[in-house]
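Notes follow the structure.
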Amino acid sequence: MIVIVDYGMGNLRSVEKAFQKTGADVMVSNRPADVLNATSVVLPGVGAFRDCIGNLETLGLASAIKESISIGKPFLGICLGMQILFEESEEFGLHKGLGIFKGNVPKFISTTLKIPHMGWNKVTLRKKIPLFDGIEDGQYFYFVHSYYVAPVDDEIIAGTTEYGGTFTSMIAKDNVYALQFHPEKSQKIGLKIIENFVKIA
Amino acid sequence: MLAKRIIPCLDVRDGRVVKGVNFINIVDAGDPVENAIFYDQQGADELTFLDITASHEKRKIILDVVEKTANDVFMPLTVGGGIKKLDDIRDLLNAGCDKVSINTTAIVDPNFISKASNRFGSQCIVVAIDAKRYAGSTPEFPEWLKGNTPMDDLKVENGAKWEIYTHGGRRARGIDALKWAIFMEKCGAGEILLTSMDKDGTKDGYDLELTRAVSTALSIPVIASGGAGNLEHLYEALTIGAADAVLAASIFHFRQYSIGDAKRYLNQKGVPIRL
């Protein structure tokens, strides 16, 4: 059973529907026990970092997620669900994340670029990962975010995207996958990624 | 590089797709879910439903439409029209839409946009602005803005080029459209849907001066709307108008062009587009 973590924010419904579309056995839950019993865990996310980590901790989900990751369960973080894996974010003051990966989550700063970074942008692959089986390099995916992850460890970067400069749009390390873009909003190609995750989940 | 977005818009009344010309003479033209699937297959970058259902009792129908659409269409979906309360936004997001577009309520209630973006995140709050060239008539200035010193700057008398209208273009609000857009960004809007009421329904091209003025003044994305009659108009709005996205209804709805036609045309002209 794949568990989509519900922490009271964001649009879980479209993530759930995208998984259902692939025929996956999926459940939305805010209970730590369900996360611990899951075969794999999906952490979606829209909203503010501060509220996300606050809710995850209050509901006891933070430790359940960390536990699941540490024992090697396939994990997929989407957007804020990617950012929260890092040590800290500057969004609405400095806030600590789950600290799975070293690095922080800065905001795009630009006088010429529109922020949020909203719309379809290309992902350039840094390494071959099962999530991208059957997907060519340089495809467009749907993004909407104002912050991005800045990993300390280069090795975990699986894909990058250009917006002003180059930022990390995908991470893969062992059982942990994280995407800055929204596969559930990226039409056919996004569903393909979800399908690929379901295969390893 | 971030691609410019092509956004077909469907006007929906009582759960059926309609298309107004200058907001009058509405013609029935189909099922919204079927239309959404059609645009999805054509590779639209996003989809917008503008709910123009008049009666309050029938307003729940749109939730059903959104839910059915979200079962089959996996692209960003925006719904606008008739959003008055935070719970209206919550219901729409829960039904499966990604962004809501708010027009009149932003003007009637000063704090609505900041409350909405605090609760749901600015990424899902689109402020829709209906702007018309200011003719110098006596405007109605909203009560809440009166006597509120920095807000007085928003009055059209202070050198405005475009004025805000609500109620489908029938009601002038006495507010400078450009300054309003800047104010809305400060309040937490994540995006602006900018419609020229002079151009809407004319098929004469977007108001490029308005689009450029607003898009270059803001750091959030601006969607140009109102006046698309051919593909060159889309090109102009994205280049001369500096828009981040273009919204169009009739040219796609009446199958004058497919989304693919529009994208190939723009791509050939060097606009960054997702083909």
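All chains are named by letter (A, B, ...) in the order of the sequence lines, taking the proteins before the strands, and each is independently numbered beginning at 1.
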Going by heavy atoms in the side chains, are K185(A) and F74(B) under 4.5 Å from each other?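 They are not in contact (no side-chain heavy atoms under 4.5 Å apart), so the answer is no.
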Side chains of Q187(A) and D40(B) in contact at under 4.5 Å (non-hydrogen atoms):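 Side-chain contact under 4.5 Å: yes.
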Under 4.5 Å from a heavy atom of chain B, the part of K17(A) involved: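 It is both, since atoms from each part get that close.
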I'd like to know whether [atom1] of [X] has more than 12 heavy-atom contacts from other residues, nucleotides or ligands below 6.0 angstrom.
X: K269(B); atom1: NZ; value: yes
X: K96(A); atom1: NZ; value: no
X: K173(A); atom1: NZ; value: no

Chain B neighbours within residues 135-148 of chain A, where any heavy atom lies under 4.5 Å away: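 So the qualifying residues are Y140(A), Y142(A), V144(A).
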Heavy-atom distance under 4.5 Å to chain A: side chain of [X], backbone, both or neither?
X: S215(B); answer: both
X: E67(B); answer: both
X: N71(B); answer: both

Test of understanding: with side-chain contact (heavy atoms from CB on, under 4.5 Å), list the residues that count as partners of A245(B), not counting sequence neighbours.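 With sequence neighbours excluded, A245(B) shows a side-chain contact (heavy atoms from CB on, under 4.5 Å) to R5(B), I7(B), I223(B), given in chain and number order.
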Without swapping roles, check the side chain of W120(A) against the backbone of D45(B) for a donor-acceptor pair under 3.5 Å.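 Looks like yes, one N/O pair under 3.5 Å.
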When you measure from the side chain of K114(A) to the backbone of I220(B), do you find a donor-acceptor pair of N or O atoms at a distance under 3.5 Å?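 Indeed, once roles are kept as given, a pair shorter than 3.5 Å links the two residues.
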Which of M118(A), E162(A), K188(A) touches chain B most, by non-hydrogen pairs under 4.5 Å: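 The candidate making the most pairs under 4.5 Å is M118(A).
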Are R274(B) and K122(A) close enough, and set up right, to give a side chain to side chain contact (heavy atoms under 4.5 Å, CB included), and what steps lead you there? CA-CA 9 Å; R274(B) 178 184 67 118; K122(A) 285 181 184 174; over 6 Å; no
Closest non-hydrogen atom pair, K21(A) against D72(B):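 Nearest heavy atoms, K21(A) then D72(B): NZ-OD1, 3.0 Å.
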Heavy-atom closest pair, residues S14(A) and D98(B):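 Minimum heavy-atom separation between S14(A) and D98(B): OG-OD1, 4.2 Å.
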Between CG on residue L80(A) and CD on residue Q123(B), distance to nearest 0.5 Å: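 So the gap between those two atoms works out to 9.0 Å.
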